[in-house]
Each structure stands twice: as C-alpha cells, then as structure tokens.
Amino acid sequence: MSEPADRRYGPATLPRERGPLSAAVVEALRHPPHDLPADLGVGLDPADPITDEDLQLTLFLCYELHYRGWLGVDESWEWQPTLLALRARCERVFEAALRRLVGAPLVPAAGVAAGLAELVAADDGPSLAATLQRRADLTQFREFVVHRSVYHLREADPHSWALPRLGGPAKAALVEIQTDEYGNGRLDRMHAELFRCTLDRLGLDTAYGAHVDVAPAVTLATNNVMSLFGLHRRLRGALLGHLAAFEMTSSLPNRRYGNGLRRLGFDEVATRFYDEHVEADAVHEQIAAHDMCGGLVRVEPALAEDVLFGAAAGLAVDRLFAAHLLDRWAAGRSSLRTPAPPALPPRVSLVALPAVAPPAPPALV
C-alpha cells in the first residue's frame, strides 16, 4: 500500500533538538507564533559552524518553513519577526564560515565559465562515488541514500528561488535546467519522484523529510548552503554558481552510483534516478556554465565573484560531506547520527516507470 500523500510530499515531522538553540526553536514551533527571547542566539560562536549540530539544525528548522513547513506547525511562523532575527544571526555565522572555508575566488581573464571549469578541475575531494561503485556494501549504500534524501526529495526547489530574481538569458537557461529536473511536468519523470523509487527499492522510508533526524550537521549544511543562497536576493549569483558546480560534477558520479546499485543486484527502477542524471547533467553542465552563469555575468558583471564563491562553497561543503562518510566507514562506524533501519524487502514502485535499458557500465579506472 502506498503511503498517504501528506507523508510522501510533506510537511515533515519536527525533528528532535540537538542543543539549546534548536531546542528553543522546536519548542516554540509547537505553539502559536509568539516572540522569542530577544537574546536568543546573540553571541553565537561555535567552533566549527559547518559541522555544529545545533546551528545547522536551527537553520534547517527555519528554512523549511519557506518550503513545505512542519507538520502541525502554524504557517504564520514563516514570517515571525523574532524567528527571522534568530535566523539572520545564525546565517551570519554560517556565511562567514563558508567564506573562510573557500577564500575569495577571483574571476579569471577568460571569464566566469572558465573560472567554474578551473574550480571543478581543481576539486580534489575524496571519491565517494568510486567507493559506492566498487566497494560499498548494502548498509553503506543505504546510508548514502538516506543522507541524500534530505535534498533529493525536494530536488531543484532551492535553485528555483532564483527564477523571479533573474531576467534574460540567465533566466531562460535556468528554466531549461529546472524543466528537466521537474520531469517536464510529468510526475513519473520528476527527479524527486525517481529518487523516491530508489528509496522504496532499498526498503527505506520514502516520506518527505523522513530522515532529517539521522542526518548529521554536515548533511544539513549541504542543504542549508542552497537555502542560504536561494532565500537572499543579494546571493543570487552564488546560487547560480552553486547549481553550475553541482551540474558540472554530477554526470560521472551518478554513473558510478547506478553501477554500484547494479553491482549490489538492484534493478532499473532502483537505478533510474542515477541513470537519468548521467545524460541530463552532461547537457546541463554546458547550459549552466555558459548560458546561465555566463549570461548572468554579461548582464551583471559585478556578480562574477559571487558566482565563483557559490560554486566553491558547494564543492567545499560536499568535500566535507564525502570525507565524513568515508572516515566513518573506514572506522567501521555508521555515518548517520543513528544507524539506518534494517533493510526491508524491495517494494512495488510508487510510480509506474517505463522500462529503460541501463547505460553500459564504464571500465573501472
């Protein structure tokens, strides 16, 4: 039996707190909108904001109010002034940490598209995709899918915040990319729906936001980066740079993820999400770098540094995410805050998908 629509598509259940700040927010959201203490979050100074559980969950709690909200939470909390003030305090700490992490990318003489290509070429993070293709066991692969579910069940939504803030060639290019992400208006081809089928095949909860509680801070940070950029017009260049880097580093890893699932014995329904991205993202990367980011900078040259900052920030946080998973697995530990549930037998797909032959696996390098 398929899950109720409200579980599949949101809103999600409020997660458990992870410290005093997130505890205050969770408790407040359980009640009608009211003013929070004026000093909440004042002087916030965690040692490492990007991996701080309390800070990242607090941001995620605030940001989700602008997406699908939280189950049982009054929707008026979205614009409650004192909660927005708290979010702003947390964002200042988070953004400063991101800028320290990546430095100040400079725009090369050849232009922003060349700068994006240089950032991607210089990215020397650990190869999580190669591990998942060749060596990861089922438990580890399921953990990876649990981590990514926090984003993939709303895939494309954070970057869509840029649409009303753009015009001209950059907007046209972004629409072209997002149209593919949303399945060209077909539910069975929406990338979020394809990923729901992957979760289903792996015996995992397919409900929107079902795995937030077990996702560590670094996983929440990979999502919060997008929301930070998306919810601030001043960071629209960074949002497009983030999307460009995402598309430019996606095709080969997704081929590897699909091959990893095939190695573990899964069918084309389980791999369809990854197989779809192999071809789509190879096209998207050119559109994103040249038409979208290049088009933006031709109209607004001052945003070139923001574009490269957004790309560099996305790549840097993803490196931290990959290192977290690989380090935990190398130590024989779960990469989740609590282990994923035991594997269940594959279930019938939630969406009927036409049969598609998987791409031929590449030679291992």
Side-chain angles (χ1 to χ4, degrees), residues 3 7-16 18 51 53 56-57 60-61 63-64 67-68 71 126 128-129 131-133 135-155 157-158 191-226 246 250 253-254 256-258 260-261 263-266 269-274 277 317-318 320-347 349-350:
E3 297 174 287
R7 290 207 69 239
R8 283 181 289 156
Y9 301 119
T13 302
L14 273 173
R16 295 185 297 272
R18 303 186 189 180
T51 59
E53 297 288 349
Q56 291 301 328
L57 180 60
F60 195 88
L61 287 163
Y63 287 147
E64 186 57 32
Y67 290 99
R68 303 185 200 178
L71 187 63
L128 178 59
T131 295
L132 289 163
Q133 178 185 14
R135 296 185 296 278
D137 60 26
L138 178 57
T139 297
Q140 292 167 337
F141 212 111
R142 292 175 82 246
E143 285 190 7
F144 168 70
V145 171
V146 164
H147 284 285
R148 288 306 198 195
S149 71
V150 179
Y151 168 65
H152 285 316
L153 288 179
R154 68 180 183 198
E155 184 164 357
D157 290 351
H191 290 182
E193 205 65 26
L194 297 180
F195 191 79
R196 181 169 281 109
C197 293
T198 300
L199 284 166
D200 189 61
R201 277 295 196 256
L202 270 65
L204 294 163
D205 194 335
T206 67
Y208 178 82
H211 303 290
V212 170
D213 254 334
V214 299
V218 70
T219 301
L220 298 184
T222 63
N223 291 269
N224 288 339
V225 167
M226 291 178 262
F246 195 90
S250 177
N254 277 295
R256 287 175 165 169
Y257 302 147
L261 278 177
R263 173 179 59 81
L264 292 169
F266 285 88
V269 174
T271 65
R272 177 73 179 277
F273 172 83
Y274 299 115
H277 282 74
V317 176
D318 275 350
L320 296 177
F321 168 77
H324 170 81
L325 270 65
L326 294 175
D327 289 348
R328 290 297 184 95
W329 292 344
R333 301 169 61 192
S334 172
S335 63
L336 299 170
R337 297 186 70 239
T338 55
L344 301 174
R347 298 190 290 266
S349 176
L350 298 176

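Note that the structure is predicted; figures quoted are calculated from it, not measured. These numbers come from the heavy atoms of this one structure, side chains and all, not from hydrogens, waters or symmetry mates.
- Scanning for salt bridge (Lys or Arg N to Asp or Glu O under 4.0 Å) contacts around R18 gives E53, with sequence neighbours left out.
- L57 approaches P15 most closely through the heavy-atom pair CD1-CG, 3.8 Å.
- Atoms CG and CG, on L199 and D205 in that order, are 8.0 Å from each other to the nearest 0.5 Å.
- Within the model, atoms CG of L325 and CD of E143 stand 7.0 Å from one another, a figure rounded to the nearest 0.5 Å.
- A distance of 10.5 Å separates CG in D327 from CG in L320, rounded to the nearest 0.5 Å.
- Under the rule for a ring pair (Phe, Tyr, Trp, His ring centres under 6.0 Å), F60 has no partner lying at least two apart in sequence or in another chain.
- A search for salt bridge (Lys or Arg N to Asp or Glu O under 4.0 Å) contacts involving R68 returns D157, not counting sequence neighbours.
- Every residue meeting the ring pair (Phe, Tyr, Trp, His ring centres under 6.0 Å) condition with H147, not counting sequence neighbours, appears here in chain and number order: F321.
- A215 and V150 get closest at one heavy-atom pair: CB-CG2, 4.0 Å.
- When atom types are taken as modelled, the side chain of R263 and the backbone of Q133 share a donor-acceptor pair closer than 3.5 angstrom.
- Between Y67 and P158, some side-chain heavy-atom pair lies under the 4.5 Å cut-off.
- Put simply, the side chain of R154 reaches to within 4.5 Å of the side chain of N223, judged on heavy atoms.
- The side-chain contact (heavy atoms from CB on, under 4.5 Å) search around L326 returns P126, L128, T131, W329, not counting sequence neighbours.
- Every residue meeting the side-chain hydrogen bond (donor to acceptor under 3.5 Å, both in side chains) condition with S250, not counting sequence neighbours, appears here in chain and number order: N254, D281.
- Scored by the ring pair (Phe, Tyr, Trp, His ring centres under 6.0 Å) test, H152 finds F195, F273 as partners (sequence neighbours excluded).
- Rounded to the nearest 0.5 angstrom, L261 CG and L138 CG are separated by 9.0 Å.
- Using a 4.5 Å heavy-atom cutoff, the side chains of H324 and P216 are in contact.
- Across A12 and G209, no two heavy atoms sit closer than the pair CB-CA, 3.9 Å.
- Under the 30°/60° scheme for interplanar angles, the aromatic rings of Y274 and Y257 are found to stand perpendicular.
- Note that the OG1 atom of T198 and the CD atom of E193 stand 11.0 Å from one another [nearest 0.5 Å].
- Within the 4.5 Å cutoff, side-chain heavy atoms of L14 are placed close to those of L61.
- Using a distance-only test at 3.5 Å, with no hydrogens or angles considered, a donor-acceptor pair links the side chain of R196 to the main chain of T206.
- A donor-acceptor pair is defined here as one N or O able to donate and one able to accept, closer than 3.5 Å; no such pair exists between the side chain of R201 and the backbone of V269.
- For Y151, the ring pair (Phe, Tyr, Trp, His ring centres under 6.0 Å) partners are F246, not counting sequence neighbours.
- Q140 places a side-chain N or O within 3.5 Å of a backbone atom of D137 that can act as its donor or acceptor partner.
- Under the 3.5 Å distance criterion, the side-chain polar atoms of R7 are left unmatched by any main-chain donor or acceptor of A210.
- Here Q56 pairs with N224 under the side-chain hydrogen bond (donor to acceptor under 3.5 Å, both in side chains) rule; sequence neighbours left out.
- Judged as a salt bridge (Lys or Arg N to Asp or Glu O under 4.0 Å), and not counting sequence neighbours, the contacts of R16 are D213.
- Considering OG1 of T219 and CZ of R337, their distance stands at 10.5 Å, rounded to 0.5 Å.
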